Amino acid sequence: MADAVTSRESDYSQWYIDVVRKAKLADYSPVRGCMVIRPNGYALWERMKETLDGLFKATGHENFYFPLFIPERFLAREAEHVEGFAKECAVVTHSRLTLNEEDELIPDPESKLEENLIVRPTSETIIWNTYADWIQSYRDLPLLYNQWANVVRWEMRTRLFLRTMEFLWQEGHTAHASKEEAVEEAERMLDVYATFAEDYMAIPVVRGRKTASERFAGAVDTLCIEALMQDGKALQAGTSHFLGQNFAKAFDCTYTDENNEEQYVWATSWGVSTRLIGALIMTHSDDQGLVLPPKLARDQVVIVPIYFNDEQRTQVLEEAQRIQQELDDADIRVKLDADDNQKPGWKFNEYELQGVPLRIGIGPRDIENDNVELARRDTREKNIVPQDGLVARIQDTLTDIQDGLFQQALERREAHTTTVDSYDAFKDVIENEGGFVKAHWDGTEATEARIQDETGATIRCIPFDRDDEPGEDMLTGEHSEGRVLFAKAY
RNA sequence: CGGGGCGUGGCGCAGUCCGGUUAGCGCACCUGCUUUGGGAGCAGGGGGUCGCCGGUUCAAAUCCGGCCGCCCCGACCA
């Protein structure tokens with residue numbers, strides 16, 4: 001193959017970049033650390049967005065939109081929040097450009113802003129500033145809102161989709177009258193994320209709680225879903241935060257309860273980003289390129305016509321169009337590639353690189369025998385199958401691919417999840433095998449920091465479903481309430 | 001922020017060490033014919049201020065000085 005991607009074994013990092021670029025998901029942009037999301041990549045994001053948006057609406061949320069710019073003083077209001085984000089903010093200081101004596105374009109000193117504006121790294125502050133106006137009474141609660149937006153975090157080190165300076169995401173921001181209700185909301189939305197990851201993206205995830213050091217800046221509690229990539233590194237795929245009354249207090253957001261008493265509002269926020277595309281790639285794709293789960297593929301089936309002369313071309317295309325129509329009628333997303341400029345062989349390779357789950361090849365031979373050639377992207381199996389019953393067969397196969405991808409990822413995760421009881425064993429697994437490691441931890445930040453320092457592994461989460469199994473910290477021997485999940489992470 | 005790499009038609013590169021015809025190759029692109037079941041063949045054609053600025057020289061992609069940009073790898077982070 002002329003345009004092969006680097007193999008995962010020889011250079012995982014280069015493989016990832018090759019997949020992104022050769023599947024035409026994204027390009028580098030002229031701006032350092034930012035990317036151009038190409039139509040193939042954006043189509044994926046659109047499908048994710050549509051699906052998630054439906055799940056948000058189904059759980060009672062509405063969309064709104066807040067400004068890209070946040071007044072600098074807002075960010076300063078919540079102490080931990082500033083501390084967490086101050087290091088990575090883009091700051092707008094001027095409102096126009098002008099030419100200097102050397103004819104160079106510079107920010108016009110005359111136009112210096114009275115107050116700097118921050119390009120949002122997240123929107124809690126500006127939203128809670130407004131919630132303070134919207135909320136007076138317990139009757140105004142809850143507020144269940146979400147926004148689809150871009151945010152900017154000035155990163156040192158970037159990687160396509162996984163960490164770029166600007167990225168697309170959704171951020172849900174809810175306000176509640178009680179702590180219980182807010183906690184429940186944070187849990188509900190984590191569940192929505194987990195469902196989405198597993199049922200649509202075919203990515204098995206561990207649901208859990210972050211330790212204090214990994215918590216969102218300004219949150220009381222951060223819940224997360226963690227996924228394991230093919231190279232044995234963990235990736236945080238979504239977070240949901242119980243914010244307590246931190247932002248309500250910072251922005252003086254109170255309501256009057258049933259007893260006419262003033263109370264601070266309880267809050268949550270939750271988000272997933274285009275980073276999920278990175279997770280998708282690193283979960284399912286192979287050395288032939290992208291592999292997409294059928295539920296998220298823009299094109300679930302591509303039809304490649306094969307012919308040797310004009311007469312055959314007419315005949316084959318007619319047949320191909322008929323099949324296309326049948327599939328379309330059955331709500332299968334299908335593309336017929338009748339482009340005359342590329343040969344079938346070229347198309348086969350191209351659609352494999354782009355991860356289209358199923359390919360139908362149809363040529364004179366097939367027409368004669370009422371067959372088509374059906375090729376699966378995930379297993380790379382090819383079969384000659386009868387046209388009779390094709391729609392049902394394709395529906396079944398798509399389901400099979402979707403389930404198979406999840407199953408395969410789940411098995412890989414299980415195979416790369418190790419339970420250890422000694423620090424030596426821990427270091428050995430982290431160093432040589434990677435993956436998730438279940439081990440006892442004494443619950444202190446000091447121990448957590450030392451482990452990270454010495455091994456590079458962090459506590460990904462305290463899993464919700466961990467066994468009730470007290471023990472002793474592998475490092476300090478102190479009491480541990482149960483095992484936590486360690487891994488090296490993206 | 002440290003370490004490494006790279007900057008030459010749209011893309012990938014060679015040429016740079018050791019200065020010297022008209023800057024070359026593959027892919028892509030355009031035209032034509034033949035082709036089409038796993039990245040087609042032949043013929044013809046178009047496209048470059050060699051990242052930028054300065055210096056040395058009869059002569060600079062090549063040597064010297066400075067600057068800029070991007071990518072990769074590590075520490076911090078969705």
Side-chain angles (χ1 to χ4, degrees), chain A residues 1-4 6 11-14 16-18 21-22 24 27-35 83-89 121-122 150-171 193 210 213-217 222 224-227 234-241 269-279 288-289 304-310 312-313 316 337-353 359-368 371-373 375 380 382 384 449 452-453 456 458 488-490:
Chain A
M1 221 190 292
D3 242 11
T6 305
D11 186 344
Y12 191 82
S13 181
Q14 189 58 46
Y16 175 79
I17 294 163
D18 283 356
R21 307 213 54 202
K22 292 189 172 164
K24 299 188 173 71
D27 263 344
Y28 292 112
S29 77
V31 184
R32 182 187 76 81
C34 294
M35 66 177 169
E83 201 189 315
F85 285 105
K87 300 183 296 288
E88 46 186 16
C89 287
T122 180
N150 57 338
V151 287
V152 168
R153 296 181 187 176
W154 212 265
E155 300 286 353
M156 302 276 198
R157 167 118 160 72
T158 58
R159 272 158 139 333
L160 293 169
F161 288 115
L162 296 174
R163 177 162 296 104
T164 46
M165 298 218 298
E166 180 191 11
F167 57 94
L168 306 183
W169 79 343
Q170 60 65 218
E171 43 181 325
Y193 289 154
K210 287 293 188 190
S213 68
E214 297 271 332
R215 206 177 279 152
F216 174 76
T222 289
C224 64
I225 51 173
E226 292 283 327
L235 185 94
Q236 178 176 303
T239 50
S240 181
H241 315 291
S269 68
W270 27 274
V272 295
S273 73
T274 37
R275 180 178 229 210
L276 284 176
I277 294 175
Q288 270 67 242
V304 177
I306 296 146
Y307 42 80
F308 301 86
N309 55 48
D310 276 353
Q312 287 179 346
R313 179 172 188 277
V316 168
D337 186 351
D339 184 356
D340 244 349
N341 294 313
Q342 301 297 353
K343 304 207 323 175
W346 190 91
K347 294 176 183 175
F348 294 168
N349 284 291
E350 189 65 14
Y351 291 114
E352 276 168 24
L353 265 177
R359 183 185 74 233
I360 292 174
I362 180 162
R365 230 159 47 207
D366 303 302
I367 289 178
E368 196 160 322
N371 289 330
V372 298
E373 180 190 76
R380 310 197 77 222
K382 281 197 298 194
I384 305 293
Q452 174 171 7
D453 207 46
T458 49
K488 285 191 182 173
Y490 276 99

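Here is the naming used below: chain letters follow the sequence lines, and residue numbers restart at 1 for every chain. Note that the structure is predicted; figures quoted are calculated from it, not measured.
- Side-chain atoms of A:Glu352 come within donor-acceptor range of the base of B:G38, with a qualifying N/O pair under 3.5 Å.
- A:Asp18 and A:Thr6 are linked by a side-chain donor-acceptor pair at a separation below 3.5 angstrom, with hydrogens and angles left out of the test.
- In this structure, B:A40 and B:U34 make a Watson-Crick or G-U wobble pair, each of the two defining distances being under 3.5 angstrom.
- As the counterpart of B:A61, no nucleotide is assigned, since no Watson-Crick or G-U wobble pattern has both distances under 3.5 Å.
- Rounded to whole Å, the distance from CD1 on A:Ile17 to P on B:C70 is 16 Å.
- For A:Glu83, the CD atom sits in a loose shell: 12 or fewer heavy atoms of surrounding residues, nucleotides or ligands are nearer than 6.0 Å.
- Annotation: B:G2 and B:G48 have their P atoms spaced 39 Å apart (nearest Å).
- Taking the P atoms as reference points, B:A28 lies 35 Å from B:G74, given to the whole Å.
- The local environment of CG in A:Asp310 is sparse, with at most 12 non-hydrogen atoms from other residues, nucleotides or ligands closer than 6.0 Å.
- Between A:Phe85 atom CZ and B:A78 atom C1' there is a gap of 8 Å when expressed in whole angstrom units.
- Across all strands, A:Arg313 comes closer than 4.0 Å to no nucleic acid atom at all (heavy-atom distances).
- With hydrogens and angles ignored, a donor-acceptor pair closer than 3.5 Å exists between the side chain of A:Arg359 and the base of B:G38.
- In this structure, A:Arg313 forms a cation-pi arrangement with A:Tyr307, its terminal cationic atom sitting closer than 6.0 Å to the ring centre and no more than 45° off the ring axis.
- Per the geometry, CG belonging to A:Asn341 stands 16 Å off C1' belonging to B:G41, to the nearest Å.
- Applying the 3.5 Å distance criterion, the base of B:G37 shares no donor-acceptor pair with the side chain of A:Lys343.
- As rounded to whole Å, 13 Å separates atom C1' of B:G74 from atom CD of A:Gln452.
- Comparing the P positions of B:C71 and B:C13 gives a spacing of 15 Å, expressed to the nearest Å.
- Distances from the side chain of A:Asn349 to the nucleotides B:G39, B:G37, B:C73 place B:G39 closest.
- Taking side-chain N and O atoms only, A:Arg157 has no distance below 4.0 Å to OP1 or OP2 of B:C76.
- On the C1' atoms, B:C64 is 31 Å away from B:C73, given to the nearest whole Å.
- Of the candidate nucleotides B:C73, B:U36, B:A78, B:C73 has the atom lying nearest to any side-chain atom of A:Arg159.
- Residue A:Met156 contributes atom CE, which lies 16 Å from atom P of B:C73 at whole-angstrom precision.
- The P atoms of B:G66 and B:C25 are separated by 36 Å, rounded to the nearest whole Å.
- Where A:Ser29 and A:Ser273 meet RNA chain B, the nucleotide closest to each residue was compared, and A:Ser29 sits on the side nearer the 5' end.
- For A:Glu166 and A:Arg153, the salt-bridge test fails: no basic side-chain N is under 4.0 Å from an acidic carboxylate O.
- When distances are taken from the side chain of A:Ser13 to each of B:U36, B:C73, B:G39, the shortest belongs to B:C73.
- For A:Phe167, whose side chain is taken as the heavy atoms from C-beta onward, the closest listed nucleotide among B:C73, B:G38, B:A78 is B:A78.
- Candidate nucleotides B:G37, B:G38, B:A78 were compared by shortest atom distance to the side chain of A:Arg380, and B:G38 ranks first.
- To the nearest angstrom, C1' of B:G39 lies 13 Å from CD of A:Gln288.
- The gap from the P atom of B:G10 to that of B:G4 amounts to 31 Å, rounded to the nearest Å.
- With a cut-off of 3.5 Å on both pairing distances, the Watson-Crick or G-U wobble partner of B:C27 is B:G10.
- In this structure, CZ on A:Arg157 lies 10.0 Å from CG on A:Leu162, to the nearest 0.5 angstrom.
- B:C52 and B:U36 are spaced 47 Å apart, taking the P atom of each and rounding to whole Å.
- OP1 and OP2 of B:C71 both lie 4.0 Å or more from every side-chain N or O belonging to A:Arg32.
- One finds no side-chain N or O of A:Gln312 lying less than 4.0 angstrom from the OP1 or OP2 phosphate oxygen of B:G37.
- For the C1' atom pair drawn from B:G20 and B:U57, the interatomic distance equals 12 Å after rounding to whole Å.
- The nearest whole Å value for the distance from the OH atom in A:Tyr351 to the P atom in B:G37 is 15 Å.
- A side-chain donor-acceptor contact under 3.5 Å links A:His241 and A:Thr222.
- Of the candidate nucleotides B:C71, B:A78, B:C73, B:C71 has the atom lying nearest to any side-chain atom of A:Tyr28.
- B:G2: Watson-Crick or G-U partner is B:C73, with both key distances under 3.5 Å.
- Summarising the geometry, the separation between CG on A:Asp366 and P on B:G37 is reported as 13 Å, rounded to the nearest angstrom.
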